[in-house]
Amino acid sequence: MKDKIKLGRYLRTLLIIGDFAVINLAYILTVMLFHPSPEFMSKYVWLLFNVAYIPSALLFSEIHKIRIMYADRLVRQAIKSTVLYGAIIVALFYVFDIMDVGWHSGLIFMGFYIVFISLWWLGSHKFLRRIRRMGFNFRRVIIIGATPAACQLREEILRDSGYGYRIMGCFDDDAEALKPFSEHYTAPLRYVQDFVRANKIDIIFYALPADDTEQISHAMRVADELGTEFVYVPHFNPLLRGHFTQSEVGFMPVMTHVMSPLAGSWNLFLKRTLDLAIAIPAVILSPLVLIPVAIGIKLSSPGPIFFKQRRTGIYGKDFICYKFRTMRVNAQADSLQATEDDPRKTRFGNLLRRTSVDELPQFYNVLLGNMSVVGPRPHMVSQTEDYSRLIDKYMLRHAVKPGITGWAQVNGFRGGTRHLWQMEKRVEFDVWYIQHWNIFLDLKIIFLTAVNAFRHDSNAY
C-alpha cells in the first residue's frame, strides 16, 4: 500500500489559482478579440476583475473538495458563482466611479468566464478522480458497524476508486458480522479510538443503529477530539433507494422522497428553457419541411395532413399528440400499433417514419407545454390501459412530460413492441432516465438522436 501523500492542501491552492487563471484568460480573450474601450484595458480594471473574485473564491472553493459531484450540479454552482462575481464587479465599478468600461465588453467577459469556469471545474474534477484512481489524494476511512448499510457503503466505495476513499478498517463486536470485511482490518468497538489516532483516520462512517446513545456519543467524541470527520450512515430499507431531500418537522429531521430531480423548480426551469430553445427555432423553420411534406401526404392518399391522436401525458393526463399522417385513414388508428409491413402505411408515409420526419409536428406539442424534447415516448391511451396491468412501475414513466425522443429510443428500444419484454425494457430505460435526469443527459440524448437520424434504424417503421 502506498504511503498517503497529503496532496489535498496543495491541490486546493493550485485549483483556486486555476480559477484566477480562468478570469485572466477570459479578460485576455475579450481584449484581443473584441477591442474594448481603453478604460476596460487599463491595469486598474484588470486588477478589479481579479479582486472581485476573492469572495467567490472563498465561498465556492469547496467545489474543489467535494469528491462526488455531478456535472449539472457543478454547472449550477458555476452559475451562482458568476452571479455573485458579476454583482461584486458592478458594485466595485460603482464605488470607484468607473463608468466608461462598456457594458457590451463586460457581458462578453462574463460570457467567457461562465463557459471557462464551468469547463475548468469539470476538467479539474475529472483530473482529481484520475489521480485518486492512481492512489493519491485519498482519505483514510473506517466503518463502525458491520451492518447491511455498512456492506452497501463498502460496495459503493470499492466500486469507484475515483471517490478517493480508502477503507482502513471495520469495527463491530459481532465477529460473525465482520466476515464480509475480512480483507480489511477488523476489531471490536473498543479499539476505535486507538486505531483512529494511530492511523490518522480522516473520516468515521458510523453505520450502527442510532438508538445506542452511548456508542454513538462515544464515536462522535472520538471524532471531535481527534479532528476526524464524522458521517452517519442511515439505515434505509432497500425499497427507499432513490432521491431524498432533508427537511425538518420542528426540531426533528425527516427525509422526503423525490421521484426525480425534475421535482425541483430549478431543474424544471432548465429543462423548459432547453425545450423552448429547440422548439421555437424548429417551429419557425417548420414551413421549409411542412410544405413539401404536406404535398407528398396529399398526393399519397386522401385525408388530413396531420394525424391527431389522444395519448397519455404527465401524471396520466391525456393530451392530443400531433404527427404527420403516414397511413391511409382507418378505423384502427387509435388501437392498433404500426408494424414493419403494415398495409395501412403509404409509401410516402413509410419514408417519413423511417426518417422520423413524421414526429416533427410534436415540436408544437413542446411549445404548448404538454411534451418535452426529451422524455419517455407517449403511448396510445389503449396501450397505457393494457400495459399498466402487465408491467410493474409502468405508470412511473408518466412522472415527467413525454418526449419527442428519449433514453429508451437512443438505446435501441423504439418502434413497435411485438413482445412484452420489449416494452418492459423500454419502461426500465424510461424509469432510469426519470430517476437520473440532468440537463447534460438531455443534451446527450439529443446528440445521439441527431446521429441516429443519419443511420438506418431497423426499428423505425
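Atoms considered below: every heavy atom in the structure, side chains included; atoms not considered: hydrogens, waters and symmetry mates. Counting begins at 1 with the first residue of the sequence.
The side-chain hydrogen bond (donor to acceptor under 3.5 Å, both in side chains) test applied to Lys317 returns no partner, not counting sequence neighbours. The ring pair (Phe, Tyr, Trp, His ring centres under 6.0 Å) search around Phe93 returns Phe49, not counting sequence neighbours.
By the 4.5 Å heavy-atom criterion applied to side chains, Phe319 and Arg310 are not counted as neighbours. Between Tyr85 and Ile89, the closest side-chain pair of non-hydrogen atoms falls below 4.5 Å. Proximity of Tyr113 to Ile23: side-chain heavy atoms (C-beta onward) are separated by under 4.5 Å at one or more points. Side chains of Leu270 and Asp442 form no contact here, defined as non-hydrogen atoms less than 4.5 Å apart. Contact annotation: the side chain of Ile108 never approaches that of Leu29 to less than 4.5 Å [non-hydrogen atoms, C-beta and beyond]. Side-chain contact check for Glu428 versus Glu424: every heavy-atom pair is 4.5 Å or farther apart. Counting heavy atoms from C-beta outward, Trp437 and Val400 have side chains that stay 4.5 Å or more apart. The shortest distance between side-chain heavy atoms of Tyr185 and Phe171 falls below 4.5 Å.
Across every non-hydrogen atom of Thr312 and Thr384, the tightest pair is OG1-OG1, 2.7 Å. For the pair Ile143 and Ala207, the tightest heavy-atom approach, listed with the atom from each and the gap, is CG2-CB, 4.2 Å. Taking all atoms of both residues into account, the shortest heavy-atom contact from Pro376 to Lys401 is CD-O, 3.8 Å. Annotation for Arg272 and Val366: closest pair NH1-O, 2.7 Å, computed over non-hydrogen atoms. Across all non-hydrogen atoms, the minimal contact from Pro361 to Lys323 is CG-C, 3.8 Å. Between Val410 and Asn452, the shortest heavy-atom contact is CA-ND2, 4.0 Å.
Side-chain atoms of Arg311 come within 3.5 Å of backbone N or O of Pro378 as a donor-acceptor pair. With hydrogens and angles ignored, the 3.5 Å screen pairs no side-chain donor or acceptor of Glu359 with any backbone N or O of Ser356. Formation of a donor-acceptor pair under 3.5 Å by the Ser217 side chain with backbone atoms of Thr213 is found in this model. Side chain of Asp202 to main chain of Val141: no donor-acceptor pair is present (N/O by atom type, distance under 3.5 Å, no hydrogens or angles). In this structure, the side chain of Thr147 engages the main chain of Ala150 through a donor-acceptor pair within 3.5 Å. Remark: side-chain polar atoms of Arg377 are paired, donor with acceptor, to backbone N or O of Gly403 under 3.5 angstrom. Judged by distance alone, with hydrogens and angles left aside, the side-chain atoms of His125 form a donor-acceptor pair with the main-chain N or O of Ile63 at under 3.5 Å. Looking at Thr82, its side chain does come within 3.5 Å of a backbone N or O of Ala78 through a donor-acceptor pair. One N or O on the side chain of Thr228 and one on the backbone of Ile201 form a donor-acceptor pair closer than 3.5 Å.
Phe20 pairs with exactly one of Tyr53, Trp120, Phe116 by the ring pair (Phe, Tyr, Trp, His ring centres under 6.0 Å) rule, that one being Tyr53. For the side-chain contact (heavy atoms from CB on, under 4.5 Å) test with Asn365, the passing option among Ile320, Asn370, Ile404 is Asn370; the others fail.
With rounding to the nearest 0.5 angstrom, the NZ atom of Lys425 is 11.5 Å from the CD atom of Gln422. How far CZ of Phe205 is from OH of Tyr232: 14.0 Å, rounded to the nearest 0.5 Å. Distance check, rounded to the nearest 0.5 Å: CG of Leu14 to OG of Ser124 gives 11.5 Å. To the nearest 0.5 Å, atom CG of residue Leu119 and atom CG of residue Leu74 are 10.5 Å apart. Rounding to the nearest 0.5 Å gives a distance of 8.5 Å between CG of Leu208 and CD1 of Ile216. To the nearest 0.5 Å, the span separating OG1 on Thr449 from CH2 on Trp407 amounts to 10.5 Å.
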Given the rule in the side-chain contact (heavy atoms from CB on, under 4.5 Å) test, do Leu274 and Val373 qualify, once you have shown the distances and angles that lead to the verdict? CA-CA 8 Å; Leu274 178 63; Val373 174; over 6 Å; no

Any chance you could lay out the side-chain contact (heavy atoms from CB on, under 4.5 Å) test for Asp160 and Arg129, step after step, and finish with the verdict? CA-CA 9 Å; Asp160 189 348; Arg129 288 174 69 86; 2.2 Å; yes

side-chain contact (heavy atoms from CB on, under 4.5 Å) evaluation trace for Met327 with Arg353: CA-CA 10 Å; Met327 295 183 176; Arg353 283 177 171 270; 3.6 Å; yes

Going through the distances and angles, do Asn438 and Arg76 end up as a side-chain hydrogen bond (donor to acceptor under 3.5 Å, both in side chains)? CA-CA 11 Å; Asn438 65 69; Arg76 190 186 309 170; over 6 Å; no

Before giving the answer on side-chain contact (heavy atoms from CB on, under 4.5 Å), spell out for Leu367 and Ile280 the whole-Å C-alpha distance, their side-chain angles and the decisive distance to 0.1 Å. CA-CA 7 Å; Leu367 283 184; Ile280 290 174; 3.7 Å; yes

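The distance between the ring centers of Phe429 and Trp432 does not fall below 6.0 angstrom. Note: Phe324 and Phe307 fail the aromatic proximity criterion, with ring centroids not under 6.0 Å apart.
For the pair Arg397 and Tyr394, the cation sits on the ring face: its NZ or CZ lies under 6.0 Å from the ring centre, inside 45° of the axis.
For Phe127, the CZ atom sits in a loose shell: 12 or fewer heavy atoms of surrounding residues, nucleotides or ligands are nearer than 6.0 Å. Counting non-hydrogen atoms of neighbouring residues, nucleotides and ligands closer than 6.0 angstrom, the CZ atom of Arg130 reaches no more than 12 such neighbours. Around NE2 of His436, the count of heavy atoms belonging to other residues, nucleotides or ligands within 6.0 Å exceeds 12.
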